[in-house]
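Owing to the predicted nature of the structure, the values given are computational and were not obtained by experimental measurement. The chains referred to below are lettered A, B, ... by the order of the sequence lines, with proteins before strands, and numbering in each begins at 1.
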Number of protein chains: 2
Amino acid sequence: MSGALAEAPPAAATEPDAEPHFDVIELLFFAYRDFVSDPDRILTDYGFGRAHHRVLHFVNRQPGLTIAELLDILRITKQSLNRVLKELVEKGFIEQRPGVQDRRQRLLFPTAKGRSLALALSRPQDERIRRAINRCGEEDRQAALRFLFAMIDENDRDHVARLVYGAGERKGQ
Amino acid sequence: MSGALAEAPPAAATEPDAEPHFDVIELLFFAYRDFVSDPDRILTDYGFGRAHHRVLHFVNRQPGLTIAELLDILRITKQSLNRVLKELVEKGFIEQRPGVQDRRQRLLFPTAKGRSLALALSRPQDERIRRAINRCGEEDRQAALRFLFAMIDENDRDHVARLVYGAGERKGQ
DNA sequence: GAGATATGTCAATAAGGCTGACGTAACGGA
DNA sequence: TCCGTTACGTCAGCCTTATTGACATATCTC
């Protein structure tokens with residue numbers, strides 16, 4: 001431990017005992033910590049938590065989303081989802097309609113109230129993003145998007161790409 | 001809602017009703033989702049959760065960290081911290097030593113076992129980062145670091161910069 | 001010596017996640 | 001038409017991680 005300047009190993013491609021990328025690991029932690037804390041005050045005003053935010057966000061972004069797709073996005077169990085989803089429906093932020101081709105499905109749609117809250121929740125996050133772009137430039141934002149995308153599980157990248165960039169209404173109504 | 005191609009507003013600087021940056025919002029969510037799931041399997045082998053991981057990580061990175069500093073990093077209450085910290089100490093992953101200048105402080109140090117586990121936990125995350133760099137290049141990684149850093153609360157950036165880049169042993173021993 | 005600080009602890013509670021088991025309705029193919 | 005599968009809901013119990021509030025102890029600082 002003492003004696004910090006040990007011999008520098010010859011920089012090989014993917015050397016086995018290279019220092020982990022603690023900078024990425026930690027900046028991701030700190031950025032996410034502050035990022036998700038933005039909407040918290042608004043959420044507590046409605047008696048909601050971060051779980052409600054995530055559900056409302058994706059339903060708002062993908063009107064007509066099915067339960068199964070939402071479970072796949074959030075990576076939680078249907079029991080966990082159901083509790084928060086039920087509250088969002090009861091309080092009038094999300095509507096369920098039976099699927100048209102497959103009536104077993106419950107397609108999820110935001111109500112006007114739901115869209116409004118989703119927008120309000122995204123606002124402080126968007127402001128944070130805009131301040132960051134002001135600091136470090138649009139090129140860094142685009143590079144960050146590429147990097148974050150590459151950090152996603154390979155099997156899931158196509159799915160995420162469709163969700164993020166191919167968004168919009170898809171089913172029902 | 002219907003009639004998707006409404007008039008495109010003239011692109012002003014910070015126009016008030018511009019579309020929020022859903023791409024950043026969502027890619028941050030998905031990248032973080034997969035990123036934190038990496039160490040989960042290892043953690044359950046030890047009976048630990050993600051809270052233990054966070055504590056062990058920062059103690060390992062900043063040997064001699066105080067409780068107060070750790071609370072400030074994690075943004076949780078001392079009661080929450082204490083439970084997981086106690087378990088890490090009892091199981092021999094972290095050691096406490098009284099501060100030298102201020103004996104009220106309990107300085108936290110990783111044991112050899114703690115350093116080893118911290119390294120094991122960082123490995124899958126580091127591999128994910130390396131794969132991402134292979135995909136999109138070192139320049140994008142550096143841009144992503146700048147962008148993530150700019151996403152942190154302004155008041156906290158100096159502190160985080162010291163933590164991330166000015167790391168190393170600081171106190172005691 | 002007195003007040004402030006750093007930390008520990010007890011107790012109660014809440015949010016958000018899990019597993020397991022079971023029920024219902026609808027789809028889809030033999 | 002029957003039957004297995006799928007999509008979803010629900011009941012019950014449990015765990016982890018967080019919270020608030022109150023109080024205790026040791027130490028620092030003035």
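- Ion pairing of B/R130 with B/D126 is present here, as a side-chain N (NZ or NE/NH1/NH2) and a carboxylate O approach within less than 4.0 Å.
- B/H52 places its NE2 atom 14 Å from the P atom of D/dC15, with the value rounded to the nearest Å.
- Counting to the nearest Å, the C1' atom of D/dT29 and the CD atom of B/Q101 are 15 Å from each other.
- Summarising the geometry of B/R41 relative to B/T44, their closest heavy-atom pair is O-OG1, 2.8 Å, with the distance given to 0.1 Å.
- The A/A51 side chain lies nearest to C/dG16 when the options are D/dT17, C/dG16, D/dC8.
- Closest contact between the side chain of B/D102 and the listed nucleotides D/dT27, C/dG16, D/dA7 involves D/dT27.
- Rounded to whole angstrom, the span from the CG atom of A/L81 across to the P atom of C/dG16 amounts to 12 Å.
- Proximity of A/F48 to A/L88: side-chain heavy atoms (C-beta onward) are separated by under 4.5 Å at one or more points.
- Salt-bridge annotation for B/E154 and A/R131: absent, with no side-chain N of the basic residue lying under 4.0 Å from a carboxylate O of the acidic one.
- Distance, B/L65 CG to C/dT7 C1': 14 Å, rounded to whole Å.
- Remark: P of D/dT17 and NE2 of B/H53 are 13 Å apart, rounded to the nearest angstrom.
- Here the side chain of B/R146 pairs no donor or acceptor atom with the backbone of A/G137 at under 3.5 angstrom.
- The distance between atom CZ of A/R54 and atom C1' of C/dA15, rounded to the nearest whole Å, is 11 Å.
- Between the A/R128 side chain and the B/M151 main chain, a donor and an acceptor come within less than 3.5 Å of each other.
- Within residues 33-48 of chain A, no residue approaches DNA chain D, by heavy-atom distance under 4.0 Å.
- Closest approach of A/G47 to A/K91, counting heavy atoms only: O-NZ, 4.2 Å.
- Between A/Q105 atom CD and C/dG28 atom P the separation is 10 Å, expressed in whole Å.
- Near-neighbour residues of DNA chain C inside residues 83-96 of chain A, defined by a heavy atom below 4.0 Å, number-ordered: A/R83.
- Within the structure, a side-chain polar atom (N or O) of B/N82 is placed less than 4.0 Å from OP1 or OP2 of C/dT9.
- Of the residues B/R54, B/R162, B/R61, the one that meets the salt bridge (charged side-chain N to carboxylate O under 4.0 Å, His left out) test with A/E26 is B/R61.
- Between C/dG16 and A/S80, no contact under 4.0 Å exists linking OP1 or OP2 to a side-chain N or O.
- Under 4.0 angstrom from either OP1 or OP2 of D/dT19 there lies at least one side-chain N or O belonging to B/T77.
- Taking the six-membered ring where the residue is Trp, the centroids of A/Y32 and B/F35 are separated by 6.0 Å or more.
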Distances for protein N/O vs nucleotides 20-25 of chain C N/O pairs under 3.5 angstrom?
{"unit_1": "C/dG20", "atom_1": "O6", "unit_2": "A/Q79", "atom_2": "NE2", "d": "2.7"}

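- Considering only side-chain atoms of A/R106, the nucleotide from C/dC18, D/dG9, C/dG8 that sits closest is D/dG9.
- Rounded to whole Å, the distance from CG on B/L107 to P on C/dA6 is 13 Å.
- Paired with B/R33 under the rule salt bridge (charged side-chain N to carboxylate O under 4.0 Å, His left out), one option of A/D153, A/D72, A/D156 passes, and it is A/D156.
- Residues A/L108 and A/F58 are not in side-chain contact: their nearest non-hydrogen atoms beyond the backbone lie 4.5 Å or more apart.
- Salt bridge annotation for A/R157-B/D34: absent, with no cationic side-chain nitrogen under 4.0 angstrom from a carboxylate oxygen.
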